[in-house]
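Step one of this worksheet: look at the structure below.
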Amino acid sequence: MIADSNALIEAKINNLRALEALGVKPYPYRFDVTHHAGDLQEKYKDLPNGEVTGETVRVAGRVMSYRNSGMFIDLRDASGKIQIFSHKDGTPSDLLAQMAHYDIGDIIGVTGIVRRTPRGELTVNTQNVEMLSKSIRPLPEKYHGLHDTELKYRKRYLDLIMNEESREAFRKRSQIITFIRQALVNEGFMEVETPMLHVIPGGTTAKPFLTHHNALDMPLYMRIAPELFLKRLIVGGMDKVFEIGRNFRNEGISIKHNPEFTACEIYWAYASYTDMMALFERVVEGAVRHINNGETKLTFGEHAIDFKAPWPRKSMVDLVTEKTGVDFAKIASAADAAAKAKEIGVHVEKSALWGQIVETVFAEKVEDTLIQPIHVIDIPKDVMPLAKTHPLDARLTESFEVYINGWEIGPSFSELNDPFDQRERFMAQVAAREAGNDEAMHLDEDFLESLEYGMPPTGGLGIGIDRLVMLLTNSPSIRDVIAFPTLRHK
RNA sequence: GAUUCCGUAGCUCAGCGGUAGAGCAUCUGACUUUUAAUCAGAGGGUCGUGGGUUCAAAUCCCACCGGGAUCACCA
């Protein structure tokens with residue numbers, strides 16, 4: 001019955017059989033929980049040692065520790081821990097006989113009186129205990145928890161049972177997403193859902209996953225970004241929309257990349273990128289305060305990061321100049337730019353455009369130094385095919401990317417709504433694709449048609465939720481904030 | 001994809017050419033106001049898999065499987 005049975009599992013099954021022999025049903029249907037451990041800890045935090053309350057509670061959770069032959073049990077639920085006390089003089093003997101067959105890992109429900117022991121531990125004095133689910137597999141080592149990274153990712157439930165840091169990271173993830181959603185709704189944005197199965201993958205440059213619809217007998221791509229559909233909603237008159245959801249990119253896996261990841265994309269009609277910068281700051285600073293006792297300062301690794309807005313705004317070209325001494329704004333041709341890049345030790349492709357060269361130099365020389373939050377603005381048009389041309393420099397766009405801890409947290413721009421300009425940009429992408437760049441965008445005629453009906457001037461914004469959660473939970477790997485990261489099949 | 005490190009009991013880890021080890025967990029017993037409970041005893045292993053070198057391999061070499069890290073594309 002158990003695929004990989006061993007002596008430890010057999011011992012627990014023996015306990016299960018012993019309970020059944022005593023008339024206990026090991027997998028009953030429900031239990032009325034009246035209190036949670038964490039709430040009781042909070043409610044009675046000032047209860048003096050040795051005091052007994054008059055409160056009878058019903059708590060349920062997992063047995064994490066079993067001491068003095070079961071007289072003391074540490075019970076943990078989603079909110080925290082509470083001790084269970086069953087003294088032989090105060091507990092019915094038939095109940096004690098059952099409890100002798102309890103194991104660490106079992107899920108039990110306890111009815112009893114709350115007190116604080118003379119040693120200071122908040123405790124429920126047993127009146128009744130019920131087996132709610134018999135565990136038949138051994139838990140990992142109680143002190144060190146589960147360290148093995150592969151096991152943590154493949155059996156996340158064990159990681160969550162054993163490691164408080166993991167529970168905390170996923171609690172905070174939920175709080176961050178809930179905060180962002182609520183903050184946007186409070187500002188009048190409407191949450192929408194757009195397709196994850198795309199006929200044409202669009203909205204960014206990335207390699208897609210390809211799948212197939214049987215009934216329609218046609219290929220479909222998993223979305224790499226929701227952008228083009230959200231803009232269609234803007235065309236349709238939904239002036240403030242956002243979507244929080246999964247994107248899929250068929251690219252390398254790393255400490256900062258998972259093939260499926262969560263992004264929040266926001267579109268705001270009649271706004272421009274400056275409005276989006278302020279919105280970005282409100283949302284992220286607010287999220288930090290929300291999970292950080294109202295404070296804006298957090299530590300990530302060796303860095304102290306202050307999320308307090310406003311964040312500086314510096315153009316990508318100027319940042320490159322500051323770091324390298326080379327002012328690419330004064331270099332007109334791609335060939336000269338490439339030569340200059342080579343001079344300062346940055347390798348660029350022969351076919352690279354001016355904007356691609358600037359971005360490459362930025363990525364190699366500047367990115368890692370941007371620890372405190374900053375808006376890197378006015379990104380070259382060559383690498384931003386969906387952003388409005390900058391009114392003061394046609395080589396640039398009205399755009400920004402937020403960098404924190406040297407990571408790009410999210411891109412944003414004034415959305416290109418000129419259908420003629422957009423068509424030209426798509427054609428440039430098509431040319432790049434034909435020249436061998438398999439990440440270049442596809443031509444999306446249907447999207448162009450929607451722009452031709454007229455899209456208002458619009459600000460757009462994307463936030464990489466996983467990276468934001470990493471930052472806010474001091475998690476060095478994206479796998480620490482994605483419950484079930486993509487792994488090779490074993 | 002390249003480079004590099006790791007894989008030993010259910011878990012956390014030692015051992016790194018000469019009989020497979022510890023702690024927790026498990027089992028038996030003691031103990032009944034403990035909290036990494038304690039004390040006494042016991043059981044538990046195809047050292048990731050397959051090949052090779054050697055009198056002898058967990059240990060050295062090669063391949064493969066799985067994982068981590070770094071690098072490249074990318075949020």
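Letters A, B, ... mirror the listed sequences (proteins, then strands); counts begin at 1. Side chains are part of it too, since the values below use all heavy atoms of this structure and drop only hydrogens, waters and symmetry mates.
Note on A:His144: every side-chain N or O is 4.0 Å or more away from OP1 and OP2 of B:C24. Within the 4.0 Å cut-off from OP1 or OP2 of B:G10, not a single side-chain nitrogen or oxygen of A:Arg137 is found. OP1 or OP2 of B:C27 lies within a sub-4.0 Å distance of a side-chain N or O belonging to A:Asn15. Proximity of A:Lys142 to the phosphate of B:C11: no side-chain N or O atom is located under 4.0 Å from OP1 or OP2. In this structure, A:Arg488 reaches the B:G67 phosphate: one of its side-chain N or O atoms is under 4.0 Å from OP1 or OP2.
Side chain of A:Leu8, nearest nucleotide from B:A69, B:U35, B:A25: B:A25. Closest to the A:His87 side chain, of the nucleotides B:U33, B:C11, B:U12, is B:U33. Listed nucleotides: B:U70, B:U26, B:G68. Nearest to the side chain of A:Ile255: B:U70. Considering only the side chain of A:Leu487, B:G68 comes nearest among B:G68, B:C27, B:G10.
Here the shortest heavy-atom pairing between A:Ser399 and A:Phe413 reads CB-CB, 3.5 Å. The nearest pair of heavy atoms linking A:Ser79 to A:His36 is OG-CB, 3.3 Å. Across A:Val24 and A:Pro26, no two heavy atoms sit closer than the pair O-CD, 3.4 Å.
One C1' atom belongs to B:G23, the other to B:A63, and the distance between them is 36 Å to the nearest Å. Taking atom P on both B:U59 and B:U8, the two are 13 Å apart, rounded to the nearest angstrom. Distance check on atom C1': B:U70 versus B:G50 gives 29 Å, rounded to whole Å. Comparing the same atom, P, in B:G7 and in B:G48 gives a spacing of 8 Å after rounding to whole Å. B:G21 and B:U33 have their C1' atoms separated by 36 Å, given to the nearest Å. Rounded to a whole angstrom, the distance from the C1' atom of B:C71 to that of B:U12 is 32 Å. Nucleotides B:A22 and B:A9, compared at atom C1', are 11 Å apart to the nearest Å. Comparing the same atom, C1', in B:A57 and in B:G67 gives a spacing of 24 Å after rounding to whole Å.
Pairing partner, B:A58: none, since no Watson-Crick or wobble contact has both distances short of 3.5 Å. The base-pairing partner of B:U3, taking Watson-Crick or G-U wobble contacts with both distances under 3.5 Å, is B:A69. Across all strands shown, B:C31 has no partner, as no Watson-Crick or G-U wobble contact with both distances under 3.5 Å is found. Base pairing analysis places B:A63 opposite B:U49; the two distances defining the Watson-Crick or G-U wobble pair are each below 3.5 Å. The pairing partner recorded for B:A22 is B:U12, the criterion being a Watson-Crick or G-U wobble arrangement whose two distances lie under 3.5 angstrom.
Tested against A:Asp159, the residues A:Arg479, A:Arg167, A:Lys152 include a single salt bridge (charged side-chain N to carboxylate O under 4.0 Å, His left out) partner, A:Lys152.
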I would like to know whether A:Lys134 and A:Glu20 meet salt bridge (charged side-chain N to carboxylate O under 4.0 Å, His left out); could you show each step before the answer? CA-CA 11 Å; A:Lys134 189 82 188 80; A:Glu20 286 176 328; over 6 Å; no
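When heavy atoms are screened at a 4.0 angstrom cut-off, A:Thr149 is found touching the sugar-phosphate backbone but no base atom. Note on A:Ile463: nothing from the nucleic acid sits closer than 4.0 angstrom, heavy atoms only. Using a 4.0 Å heavy-atom cutoff across all strands shown, A:Glu121 reaches at least one base atom of the nucleic acid. Within the 4.0 angstrom heavy-atom criterion, only backbone atoms of the sugar-phosphate kind lie near A:Leu146; the bases stay farther away. Within 4.0 Å (heavy atoms only), A:Asp89 reaches no atom of the nucleic acid at all.
Atom NE2 of residue A:His198 and atom CD1 of residue A:Ile224 lie 8.5 Å apart, to the nearest 0.5 angstrom.
Atom pair A:Lys12:NZ and B:C11:C1' shows a separation of 12 Å (rounding to whole Å applied). To the nearest angstrom, P of B:G10 lies 13 Å from CD of A:Glu10. The distance from atom NE2 of A:His347 to atom C1' of B:C71 is 14 Å, rounded to the nearest whole Å. In this structure, the CD1 atom of A:Ile104 is 10 Å from the P atom of B:C27, given to the nearest Å. Residue A:Ile161 contributes atom CD1, which lies 14 Å from atom C1' of B:G10 at whole-angstrom precision.
Proximity of A:Arg156 to A:Pro485: side-chain heavy atoms (C-beta onward) are separated by under 4.5 Å at one or more points.
Remark: the A:Glu265 side chain and the A:Tyr267 side chain contain an N/O donor-acceptor pair separated by less than 3.5 Å.
Annotation: side chain to side chain donor-acceptor pair (under 3.5 Å) contacts involving residues 200-210 of chain A, sequence neighbours excluded, comprise A:Lys207-A:Glu439.
Remark: A:Arg173 fails to qualify as a cation-pi partner of A:Phe170 under the 6.0 Å distance and 45° angle criteria applied to the six-membered ring.
Within residues 59-86 of chain A, the residues that have a heavy atom under 4.0 Å from RNA chain B are, in order of number, A:Ser65, A:Arg67, A:Asn68, A:Ser69, A:Met71, A:Phe72, A:Gln83, A:Phe85.
When each of A:Pro138 and A:Pro118 is assigned the nucleotide of RNA chain B bearing its nearest heavy atom, the one mapping closer to the 5' terminus is A:Pro138.
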